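Okay, structure first, notes after.
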Protein chains: 2
Amino acid sequence: MIGRALQLLGAFDAEHRELTLSELARRADMPLSTAHRLMHELCEWGAVERGGDGLYRIGLRLWELGSLAPRGPGLRETALPFLEDLSLITRENVQLAVREGTEVVFVERIAGSGAVPVLTRVGGRFALTATGVGLVLLAHAPVEVQEEVLGGSIDRYTERTVTDPAQLRRMLAAVRSNGFSISDRQVTMDALSVGAPIHDRRGQVVAAVSLVVRHGSTTPHALARLVRTSAQAISRALSA
Amino acid sequence: MIGRALQLLGAFDAEHRELTLSELARRADMPLSTAHRLMHELCEWGAVERGGDGLYRIGLRLWELGSLAPRGPGLRETALPFLEDLSLITRENVQLAVREGTEVVFVERIAGSGAVPVLTRVGGRFALTATGVGLVLLAHAPVEVQEEVLGGSIDRYTERTVTDPAQLRRMLAAVRSNGFSISDRQVTMDALSVGAPIHDRRGQVVAAVSLVVRHGSTTPHALARLVRTSAQAISRALSA
DNA sequence: GCGCGGTTTCCGGAAAATGGAAGCTCTTAG
DNA sequence: CTAAGAGCTTCCATTTTCCGGAAACCGCGC
């Protein structure tokens, strides 16, 4: 079964980039012998590799495949220079993210020099309802997705996290009409983020950029202009 | 069987980031119904995704996994700022690569503004024997790998490509003692590249940086100093 | 020598993959 | 308006392959 192999691969995450066979078997919840055989096959193909120390790691082949993901490089690479500009100008955290299902996935992140520490990581995931990028992506997601998110349970991170579906709907409408989102202390009590949508050639929203700053350090609207400008520049570059 | 699924994934490459079911079946050489079922499973897990147009693409989940590859982010992310410096200073092409088996895999690439067009691509592969990065990586590879490469057939790209094993051995020895490599018109007749090794904490060579410039535009040794400095800085950053 | 944690190999029963064929859908042609 | 065709999806009997318990194996420290 192919699912088991994927289950094994799923045992790897940011905190566990190297795993022993037994750890893998434990984390993927399957007998050692099974894990062994599957890992062996994956190894042969180059999906994972084994160091001299016996630890398994994700292989280059998989990295290579991953870098073919449509949102991966095409987006990431064209956006990178603009993100850097934004980072240079503001000296704040810059984030680039896409939506997958009902979650945000962070595709690139540039840490500003004197900036708030941000808890997200490249490749990491987060709820759509709290962050600046998340709100943008949710606002432009298909209705089914919006309903699923707003209908389900909404995680609370701080006392200011908006968890009321009706209020969220109003925020999303505002995001659509303003062209940017503001997440004010909704993730941590010291951070505020401003996000803006990136469109593809057909006008579809495919990603979002955001700036994350310390709460109270600047007025959101000044940032919004910057972020929107940058997002538009990226959109234009993507269509070229 | 797990091999078949990997075979299907292998059907994707830089020129074929989006494939229809029938193309996949054809490229992976298997019946349509089998391909269909496997792709369906892979889709469910998020390894691949299907656009509204019915085309399959590599999914975000796989990108995420790939970005956990040990050489992927750890190396890439710490190296990136240095590569950018190098690119800003020289305005030339900067490349970062690792070795896999008997090939070079390009991990990052920054195109210089007025630079020679380079044929390599992030995620792309190349022979170890011709490029600047390749020579560095080969020079510091385990003996078995060197023998395999030097014993096998050596691809020729231009009239100046070195294909004589004895001469290559001498070049590799020079790379080891000099601490940098020069590939002069060995890949294309207008390009010259200078590479230097990146070490990990234990002194193992884990990657290589190179500058690719137009042949005749600068003296290689001036570049060599820059590239070595940068490589050492990256090595130091990696150990920190 | 012995026990211990982790790894590798084996093999018969069980379960899941296989792929031919038929049905579906959409587009193009007559 | 019907027909042909290309590509996609579903079905299901066959058979191949995977599964995983058990046992051997391998350092390593006591």
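A, B, ... follow the sequence lines: proteins, then strands. Residue 1 opens every chain. Here the structure is a predicted model, which means the values were calculated and not measured.
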Does some side-chain heavy atom of A/L80 sit less than 4.5 Å from a side-chain heavy atom of A/R76?
yes
From CD of A/E41 across to C1' of D/dC19 the rounded distance in Å is 12 Å
Is there a side-chain contact between A/V136 and A/I198, using heavy atoms and a 4.5 Å cut-off?
no
Using the side-chain heavy atoms of A/T34, tell me which of these nucleotides is nearest: D/dC19, C/dT18, D/dC8.
D/dC19
Less than 4.5 Å apart, side chain to side chain, heavy atoms only: is that true for A/I58 and A/R17?
no
Which angle, to the nearest 10 degrees, lies between the helix axes at the two ends of the helix from C/dG1-D/dC30 to C/dG30-D/dC1, each defined by five pairs?
30°
Taking only the side-chain heavy atoms of B/R50 (C-beta and beyond), determine which of D/dT9, D/dC18, C/dT7 contains the nearest atom.
D/dT9
Among residues 19-28 of chain B, which ones have heavy-atom contacts with DNA chain D below 4.0 Å?
B/T20, B/L21, B/S22
Just the rounded figure in Å: distance from P of C/dA17 to CG of B/L8.
14 Å
Sub-4.5 Å side-chain heavy-atom contact between A/L8 and A/M30:
yes
Find the distance B/L32:CG to C/dT25:C1' and express it as a whole number of Å.
15 Å
Among A/L9, A/L6, A/V48, find the residue that satisfies the side chain to side chain contact (heavy atoms under 4.5 Å, CB included) test when tested with B/L65.
A/L9
What's the CE-P distance between A/M39 and C/dG6, to the nearest Å?
16 Å
Separation of atom CE in A/M30 from atom P in C/dA16, rounded to whole Å:
14 Å
Just wondering, do A/L32 and A/H36 contact through their side chains at under 4.5 Å, heavy atoms?
no
Per nearest nucleotide of DNA chain C, the residue lying toward the 5' end, A/G3 or A/H40, is A/H40
N-O pairing of B/E100 and A/R61 below 4.0 Å
no
For A/D29 and D/dG20, give me the distance from atom CG to atom P, rounded to whole Å.
10 Å
If you look at every heavy atom in A/S210 and A/V227, which pair is closest and at what distance?
CA-CG1, 4.5 Å
Taking for A/I2 and for A/R37 the nucleotide of DNA chain C with the nearest heavy atom, the one nearer the 5' end belongs to A/R37
Would one find a side-chain N or O of B/H36 under 4.0 angstrom from OP1 or OP2 of D/dT9?
yes
For B/R4, report the nucleic acid contact type (base, sugar-phosphate, nothing); a contact means any heavy atom under 4.0 Å.
sugar-phosphate
Rounded distance (Å) that lies between atom P of D/dT17 and atom CG of B/L38:
14 Å
With the side chain defined as heavy atoms from C-beta on, A/Y56 is closest, among D/dG20, C/dT8, C/dA21, to C/dT8
With heavy-atom distances below 4.5 Å as the criterion, would you say the side chains of B/L24 and B/L38 are in contact?
no
